[in-house]
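Only one structure is covered here, and it is reproduced in the block below.
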There are 2 protein chains.
Amino acid sequence: MHHQPATVRRVTIVDVARHAGVSTTAVSKVLRNAYGTSSQMRSRVNAAVDELGYRPSAAARALRGRTWTLGVMLPDVRNPFFADILDGVAEHLDGTEYQLFMTSGCDDVTSEARVTEAMIDRSMDGLILIAPVSRPAHLERVGRTVPTVVIGRHSRSTGFDTVNDDDFAGAGLMVAHLAGLGHRRIAHIEHRETDPVRLAEMPNALRADGYRHAMLSHGLGEHIDIVSTGYTRDGGYHGARILLDRPVPPTAIFAGADVVALGVLDALTEAGLSVPGDISVSGYDDITLAGFRPISLTTVDQGGHRIGTTAIRLLLDRITDPGRPAARVKLAPTPVVRATTGPPR
Amino acid sequence: MHHQPATVRRVTIVDVARHAGVSTTAVSKVLRNAYGTSSQMRSRVNAAVDELGYRPSAAARALRGRTWTLGVMLPDVRNPFFADILDGVAEHLDGTEYQLFMTSGCDDVTSEARVTEAMIDRSMDGLILIAPVSRPAHLERVGRTVPTVVIGRHSRSTGFDTVNDDDFAGAGLMVAHLAGLGHRRIAHIEHRETDPVRLAEMPNALRADGYRHAMLSHGLGEHIDIVSTGYTRDGGYHGARILLDRPVPPTAIFAGADVVALGVLDALTEAGLSVPGDISVSGYDDITLAGFRPISLTTVDQGGHRIGTTAIRLLLDRITDPGRPAARVKLAPTPVVRATTGPPR
DNA sequence: TTGAAAGCGCTAACAG
DNA sequence: CTGTTAGCGCTTTCAA
């Protein structure tokens with residue numbers, strides 16, 4: 001490496017081979033426990049590896065074989081829902097040689113492209129993309145280049161596996177809960193979406209669709225009221241401000257994500273309104289904070305942990321067998337009723 | 001790559017050279033804008049790069065030069081304070097060739113070692129370690145192997161730069177605030193620490209020290225009351241339960257971190273106590289959620305964003321000049337008074 | 001200013 | 001079962 005004195009040269013496979021009195025091929029084979037090594041050879045090599053403290057260079061490996069590196073692209077470290085997914089992913093990786101690296105802060109097509117390219121440039125063995133906004137053609141190309149699992153995008157592509165929550169059904173569950181409590185003016189805050197493709201594939205769009213559909217089937221079509229902001233706390237805050245300014249404000253606000261619901265609660269607190277006395281609030285995701293007593297948010301659990309374990313299982317499968325047909329997993333959400341929803345006044 | 005058909009072979013430097021009618025050496029030089037290239041050559045090469053959509057293989061580069069990859073090790077994605085640091089780091093990287101990858105979930109010496117080794121194996125050009133718990137010798141070795149900046153550890157090592165909040169002073173500020181409100185029985189919840197080295201270097205230990213020192217200097221030595229749990233929401237919850245069970249409970253709880261304070265609020269809500277009416281609560285970090293109105297947590301701002309920008313500046317410096325003496329930056333914290341603290345009953 | 005050639009550490013044919 | 005050998009894609013002396 002350019003920055004270190006020659007004296008601390010890294011131990012290489014050649015050093016190990018010399019120390020063990022065998023060929024580098026032998027060392028390589030033992031390391032990858034490939035076919036054709038005697039147990040005697042294995043023990044000699046392993047001993048040399050331990051004595052010398054040898055560690056294979058992922059860079060050199062990358063030129064021929066795999067890097068044992070997996071990449072996760074997440075849109076936003078601040079959304080704690082993604083931590084649940086990561087937990088699930090990491091769990092399955094314990095005890096394997098794989099190392100997971102993640103990137104954050106991809107909010108647009110350009111930065112997403114930069115990140116996916118960066119991961120491919122670094123010869124990662126597999127990618128997990130969470131709620132990507134890229135165009136299908138780009139995702140398809142990524143999937144053709146490297147084994148890829150896409151989470152949070154209802155895509156019908158064939159080049160990669162997908163894992164999704166049934167967002168349409170989940171939104172329906174929440175509307176049913178609120179309507180069951182007697183609410184009629186149930187408003188929804190969604191993440192603004194204009195791109196026609198994403199309008200059909202992104203979870204936020206499907207939740208809005210599910211809301212619309214459920215309102216109609218509960219005979220509340222005339223009360224459909226959707227505010228488009230963003231899936232952030234700020235988005236929730238501003239969305240709530242807009243809804244409170246309506247001539248006849250809603251009696252319940254169904255936010256498309258828990259972080260959005262937090263922003264709603266922020267605005268309601270500021271306005272001096274009580275929850276659920278004056279107005280009911282619900283979210284989506286069931287982040288850990290939703291169970292936090294001072295908040296106790298009613299929400300929809302999409303099982304982030306299970307999404308993570310499913311995704312990593314699919315990814316490892318696909319690395320083993322890149323040719324197998326794309327899987328399309330859709331997991332069922334469950335409503336979680338806590339303290340922010342109640343009957344209307 | 002083993003998983004893709006030969007037909008989609010990656011464009012290499014050889015392809016670019018052939019297409020531009022020059023040598024691979026020339027291409028390499030232009031790419032790294034090294035010394036000794038005519039402007040004519042530069043434009044020809046750049047044109048070929050664009051036409052072919054060439055992207056250098058980081059893996060191949062790693063064997064000779066740099067990878068343009070930086071690694072950030074964070075202990076816990078769930079602690080939103082780290083997001084502030086990451087924002088600061090990412091900001092300075094915009095427009096550079098560097099790509100940042102992070103790992104999470106290193107809670108012990110073993111997994112930290114695994115992660116740092118993994119980053120070194122992958123020939124990363126620089127590392128930022130956040131609140132590492134490893135032994136100094138290990139950190140020193142990492143720092144000698146690759147340019148490293150350590151955040152959140154008051155170490156006096158010479159092999160890497162450090163960026164820290166003045167945790168001792170920060171804790172003093174909070175005690176002063178609470179004492180100024182008239183509190184005497186001010187308890188503290190800390191992250192359990194037994195290792196003698198970490199007891200001198202970790203922020204949590206210094207905050208506890210600062211608390212102790214400040215209590216004494218305010219003449220409240222007899223009321224010093226420290227509960228050792230962990231810097232998580234759970235830790236705060238259990239710490240508060242312990243404190244509430246005291247024969248004479250404290251009138252104020254100073255949690256060593258905001259996430260801990262959230263756990264405290266959780267426990268107080270459960271116990272039916274009002275904040276700050278019955279008891280005052282404060283945290284440390286000033287995470288975004290602290291400003292969330294329904295919580296409005298009094299805390300200490302350690303300026304995560306500035307910590308991040310400082311760290312990345314130092315890291316890029318050190319990559320450029322690995323020989324320069326280690327910097328030791330300590331940033332001043334500021335108290336942020338919100339709604340969870342008030343005069344005692 | 002340019003290019004030929006060696007080699008970074010590893011894996012994978014292919015002989016032995 | 002074992003070792004020799006030829007690269008992977010790039011950077012870097014060193015001549016021209």
Side-chain angles (χ1 to χ4, degrees), chain A residues 1-4 6 8-45 48-49 52-69 97 120-123 125 145, chain B residues 1-4 6 8-45 48-49 52-69 97 120-123 125 145:
Chain A
M1 261 172 268
H2 61 288
H3 52 268
Q4 63 178 259
V8 283
R9 213 193 88 251
R10 229 184 129 92
V11 176
T12 74
I13 201 172
V14 179
D15 300 318
V16 176
R18 191 158 32 213
H19 193 260
V22 298
S23 71
T24 57
T25 308
V27 178
S28 174
K29 277 185 177 167
V30 170
L31 255 38
R32 294 171 295 119
N33 43 63
Y35 184 79
T37 50
S38 64
S39 69
Q40 184 201 354
M41 162 135 293
R42 276 197 295 275
S43 54
R44 290 182 63 177
V45 168
V49 165
L52 268 45
Y54 166 76
R55 297 192 51 96
S57 152
R61 280 185 153 177
L63 251 47
R64 295 316 237 107
R66 50 178 65 177
T67 55
W68 299 102
T69 306
E97 269 204 72
I120 292 171
D121 292 346
R122 282 156 187 80
S123 313
D125 292 335
T145 309
Chain B
M1 258 173 271
H2 62 286
H3 52 269
Q4 61 179 265
V8 284
R9 214 194 86 251
R10 227 184 131 91
V11 176
T12 74
I13 200 171
V14 178
D15 302 317
V16 176
R18 191 161 29 217
H19 193 260
V22 298
S23 71
T24 58
T25 310
V27 178
S28 174
K29 277 184 178 167
V30 171
L31 255 38
R32 294 171 295 118
N33 43 62
Y35 184 80
T37 50
S38 64
S39 67
Q40 184 202 355
M41 162 135 294
R42 275 196 296 274
S43 53
R44 289 183 64 177
V45 169
V49 165
L52 267 47
Y54 167 74
R55 298 193 49 97
S57 151
R61 281 185 153 177
L63 251 46
R64 299 311 240 107
R66 49 178 67 176
T67 54
W68 300 100
T69 306
E97 269 205 71
I120 292 171
D121 293 345
R122 282 154 186 82
S123 311
D125 292 335
T145 308

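Chain naming here is simple, since letters A, B, ... match the order of the sequence lines and numbering starts at 1 in each. This one's a predicted model, so the numbers in the text were calculated from it and none came from an experiment.
For the pair R66(B) CZ and dT11(D) P, the computed distance is 11 Å after rounding to whole Å. In this structure, the CG atom of L63(A) is 5 Å from the C1' atom of dG9(D), given to the nearest Å. For R18(B) and dG9(D), the CZ to C1' distance is 13 Å, given to the nearest whole Å. The CG atom of D121(A) sits 12 Å away from the C1' atom of dG9(D) (whole-angstrom rounding). Between W68(B) atom CH2 and dC10(D) atom P there is a gap of 15 Å when expressed in whole angstrom units. Residue R64(B) contributes atom CZ, which lies 15 Å from atom C1' of dG7(D) at whole-angstrom precision.
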Detail all sub-3.5 Å separations between protein N/O atoms and N/O atoms belonging to nucleotides 2-5 of chain D.
from: dT2(D); atom 1: OP1; to: S38(A); atom 2: OG; distance (Å): 3.0
from: dT2(D); atom 1: OP2; to: S38(A); atom 2: N; distance (Å): 2.9
from: dT2(D); atom 1: OP2; to: S38(A); atom 2: OG; distance (Å): 3.0
from: dG3(D); atom 1: OP2; to: S23(A); atom 2: N; distance (Å): 3.3
from: dG3(D); atom 1: OP2; to: S23(A); atom 2: OG; distance (Å): 3.4
from: dT4(D); atom 1: O4; to: T25(A); atom 2: OG1; distance (Å): 2.8

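One axis for each end of the helix from dT1(C)-dA16(D) to dG16(C)-dC1(D), each built from five base pairs, and the angle between them comes to 40° at 10° resolution.
Extent of DNA chain C lying under 4.0 Å from chain A heavy atoms, first and last nucleotide in 5' to 3' order, is dG9(C) to dA13(C).
Although no hydrogens or angles enter the test, the distance criterion places a donor-acceptor pair under 3.5 Å between the side chain of R122(A) and the main chain of T67(B). Looking at R10(B), its side chain does come within 3.5 Å of a backbone N or O of R55(B) through a donor-acceptor pair. Judged by distance alone, the side chain of R44(A) and the main-chain N or O of A20(A) form a donor-acceptor pair under 3.5 Å.
Put simply, CG on D15(A) and NE2 on H19(A) are 9.5 Å apart, with the number rounded to the nearest 0.5 Å. In this structure, S57(B) OG and L63(B) CG are separated by 9.0 Å, a value rounded to the nearest 0.5 Å.
S28(B) comes within 4.0 angstrom of a base, heavy atoms only.
The existence of a salt bridge linking R61(A) and D125(A) is excluded, since no basic side-chain nitrogen approaches an acidic carboxylate oxygen closer than 4.0 Å.
Between A59(A) and A62(B), the shortest heavy-atom contact is CB-CB, 3.2 Å. Residue T37(B) comes nearest to K29(B) through the heavy atom pair CG2-CB, 3.7 Å, listed as atom of the first residue, atom of the second, then distance.
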Applying side chain to side chain contact (heavy atoms under 4.5 Å, CB included) to S28(A) and I13(A), what does each step give before you reach the verdict? CA-CA 8 Å; S28(A) 174; I13(A) 201 172; 3.9 Å; yes
Please test W68(B) against D121(A) for side chain to side chain contact (heavy atoms under 4.5 Å, CB included), starting from the C-alpha separation and ending with a verdict. CA-CA 11 Å; W68(B) 300 100; D121(A) 292 346; over 6 Å; no
Could you walk me through whether L31(A) and V49(A) pass the side chain to side chain contact (heavy atoms under 4.5 Å, CB included) check? CA-CA 9 Å; L31(A) 255 38; V49(A) 165; 4.0 Å; yes
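For dG9(D), neither phosphate oxygen OP1 nor OP2 lies less than 4.0 angstrom from any side-chain nitrogen or oxygen of R61(B).
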